[in-house]
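Note sheet for the following structure.
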Amino acid sequence: MNYSRQRNIISEILKNSYDHPTAEEVYALAVKELPTMGIATVYRNLNQLEEMGEIKRIPIMEGSDRFDGHLEEHYHMLCKCCGRLTDLRADDATIEKARNSICDAFNIKDRNIELSPILLEGVCDQCKKAKKRKS
């Protein structure tokens, strides 16, 4: 598949982003670089980049899907207050320990389970701090 200028711009936005933007947020950044780009072009290229294995789509139950340009194994925490999606990075041994703990807790024999890209939901540090200031 040929690499278009639009796809390159979208790919670079995701590789330089750690806040897991929605398609609409990618579009807002992309039109700053290429004002003629349309939202349909962004959606089409996000789908193509995902199909090519160059980005990850992170489905959000109550909200828009997010996109991640960082392909190394990692997981995410979704803040229940602000909706921020934070990377959770751990070494292979820690991830394997978590996987084994889950298997043990639920008596799963096949240790080759796949963990969801959103491993945890909770409240991020910024929301915790804001809540303390209000108290």
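Throughout, numbering of the chain's residues begins at 1 and tracks the sequence.
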By salt bridge (charged side-chain N to carboxylate O under 4.0 Å, His left out) - contacts of [X] (at least two apart):
X: Asp125; value: none
X: Glu62; value: none
X: Glu12; value: none
X: Asp19; value: none

side-chain hydrogen bond (donor to acceptor under 3.5 Å, both in side chains) partners of [X], counting only residues at least two apart:
X: Glu33; value: none
X: Lys109; value: Asn107
X: Arg44; value: Thr41

Would a hydrophobic clustering, with Ile, Leu, Val, Met, Phe, Trp and Tyr connected at side-chain separations under 4.5 Å, put [X] with [Y]?
X: Tyr75; Y: Ile102; result: yes
X: Leu34; Y: Val42; result: yes
X: Met52; Y: Leu71; result: no

Below 3.5 Å, can you tabulate the donor-acceptor pairs from side chains in residues 77-89 to any protein atom, sequence neighbours excluded?
| from | atom 1 | to | atom 2 | distance (Å) |
| --- | --- | --- | --- | --- |
| Arg84 | NH1 | Gln126 | OE1 | 3.0 |
| Arg84 | NH2 | Gln126 | OE1 | 2.6 |
| Asp87 | OD1 | His20 | NE2 | 2.7 |
| Asp87 | OD1 | His74 | NE2 | 3.4 |
| Asp87 | OD1 | His76 | NE2 | 3.3 |
| Asp87 | OD2 | Arg89 | NH2 | 2.8 |
| Arg89 | NH1 | Glu72 | OE2 | 2.6 |
| Arg89 | NH2 | Glu72 | OE2 | 3.1 |

Can you sort out the partners of Glu25 under side-chain contact (heavy atoms from CB on, under 4.5 Å), two or more places apart, ordered by chain and number?
Pro21, Thr22
About how many Å separate [atom2] of [Y] and [atom1] of [X], when rounded to the nearest 0.5 Å?
X: Leu46; Y: Ile55; atom1: CG; atom2: CD1; result: 5.0 Å
X: Glu121; Y: Met61; atom1: CD; atom2: CE; result: 8.5 Å
X: Arg66; Y: Ser17; atom1: CZ; atom2: OG; result: 10.5 Å
X: Asp68; Y: Leu14; atom1: CG; atom2: CG; result: 8.0 Å
X: Gln6; Y: Ile9; atom1: CD; atom2: CD1; result: 6.5 Å
X: Leu29; Y: Ile13; atom1: CG; atom2: CD1; result: 5.0 Å

Sequence neighbours excluded, every pair satisfying salt bridge (Lys or Arg N to Asp or Glu O under 4.0 Å) that has a member inside residues 126-135
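Every candidate salt bridge (Lys or Arg N to Asp or Glu O under 4.0 Å) pair involving residues 126-135 fails, so no pair, neighbours aside, qualifies.
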Give me the atom names and distance for the closest heavy-atom approach of Gly69 to Lys15.
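Looks like O-CG, 3.9 Å.
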What ring-ring contact (aromatic ring centres under 6.0 Å, His included) pairs are there with at least one residue in residues 23-71, not counting sequence neighbours?
Tyr18-His70
Check: Arg5 and Asn8 side chains under 4.5 Å, non-hydrogen atoms
no
